[in-house]
Amino acid sequence: MSQLYAVVVPEFDSSVVSCDCLAHRFGNAADQPERARRYPSDMTDAEWAEVRPLLPVPAWLEGRGGRPEGYCHRQMLDAVRYVVDNGIKWRSVPADFPAWDRVYAFFRRWRRQSLDVEFHDRLRGEVRVSEGRAAEPTAGIIDSQSVRAASSVRLSRAVTTAGRRYRAASGT
């Protein structure tokens with residue numbers, strides 16, 4: 001897994017802007033006005049406080065090259081959540097978010113590097129630990145419909161290891 005987002009950065013002046021993402025902390029998002037939180041899909045301050053430490057450290061901050069982040073990660077994540085929540089086209093992202101092509105590029109970069117899966121797994125682990133359970137699940141349930149679907153797409157070997165198969169006539 002990538003290194004966590006929580007890093008030592010310059011002091012943050014919260015009187016200027018409410019977001020504490022790296023783009024605002026380092027002053028790279030100075031030309032972007034603070035966006036009013038108005039959609040149900042927008043993260044609350046409490047949600048952002050939980051999500052922020054789970055984000056990966058950008059390459060430019062670790063000296064691995066690249067440009068500093070120019071867009072607020074909170075705004076980008078809010079825009080992605082808006083698209084997912086409402087099932088809209090990328091080009092239909094409201095104008096108060098960053099430009100749709102920048103949001104899509106952010107999302108596409110995360111998908112290409114599997115950061116969306118890593119982020120989901122980290123968040124799931126945090127939720128499970130906060131509920132007093134192990135960070136990783138220890139069991140799974142596969143129903144007969146999943147087994148039939150898997151065999152129809154040539155994945156039956158992975159699902160039917162140990163010689164188990166779904167037989168429609170007998171129900172086993």
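Since the structure is predicted, the reported quantities are computational estimates derived from the model, not experimental observations.
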| Is S114 reaching over with its side chain to a backbone N or O of V117, donor-acceptor style, under 3.5 angstrom? |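 No.
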Does [atom1] in [X] sit with more than 12 non-hydrogen atoms of other residues, nucleotides or ligands closer than 6.0 Å?
X    : atom1 : result
E50  : CD    : no
R128 : CZ    : yes
R109 : CZ    : yes

| Same cluster for I88 and W100 if Ile/Leu/Val/Met/Phe/Trp/Tyr side chains link at under 4.5 Å? | yes
| query | Are R122 and E126 close enough for a salt bridge, meaning some N to O gap below 4.0 Å? | reply |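 Between E126 and R122 there is no salt bridge, as every charged N stays at least 4.0 Å from the carboxylate O atoms.
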| message | Salt bridge or not between R52 and D45? Use side-chain N to carboxylate O under 4.0 Å. | response |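 A salt bridge is absent here (no side-chain N lies under 4.0 Å from a carboxylate O).
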| task | Walk me through it: do V127 and E131 pass the test side chain to side chain contact (heavy atoms under 4.5 Å, CB included)? | result | CA-CA 6 Å; V127 169; E131 293 174 349; 3.8 Å; yes
Anything under 3.5 Å between a donor and an acceptor, one on a side chain of residues 77-86, the other on a protein residue two or more places apart or in another chain? List them.
residue	atom	partner	partner atom	Å
D78	OD1	M43	N	2.9
D78	OD2	R35	NH2	3.3
D78	OD2	R37	NH1	3.4
R81	NE	S41	O	2.8
R81	NH2	S41	O	3.1
N86	ND2	Y82	O	3.1

| Hey, does P98 have a side-chain heavy atom less than 4.5 Å from the side chain of F106? | no
| request: Find the distance between CG (D42) and CH2 (W48) and round it off to the nearest 0.5 Å. | output: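 Interatomic distance, D42 CG to W48 CH2, rounded to 0.5 Å: 12.5 Å.
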| request: Heavy atoms only: give me the nearest R102-M76 pair and the separation to one decimal. | output: O-CE, 3.5 Å
| query | When the ring planes of W90 and F107 are compared, do they come out parallel, tilted or perpendicular, using 30° and 60° as the limits? | reply | tilted
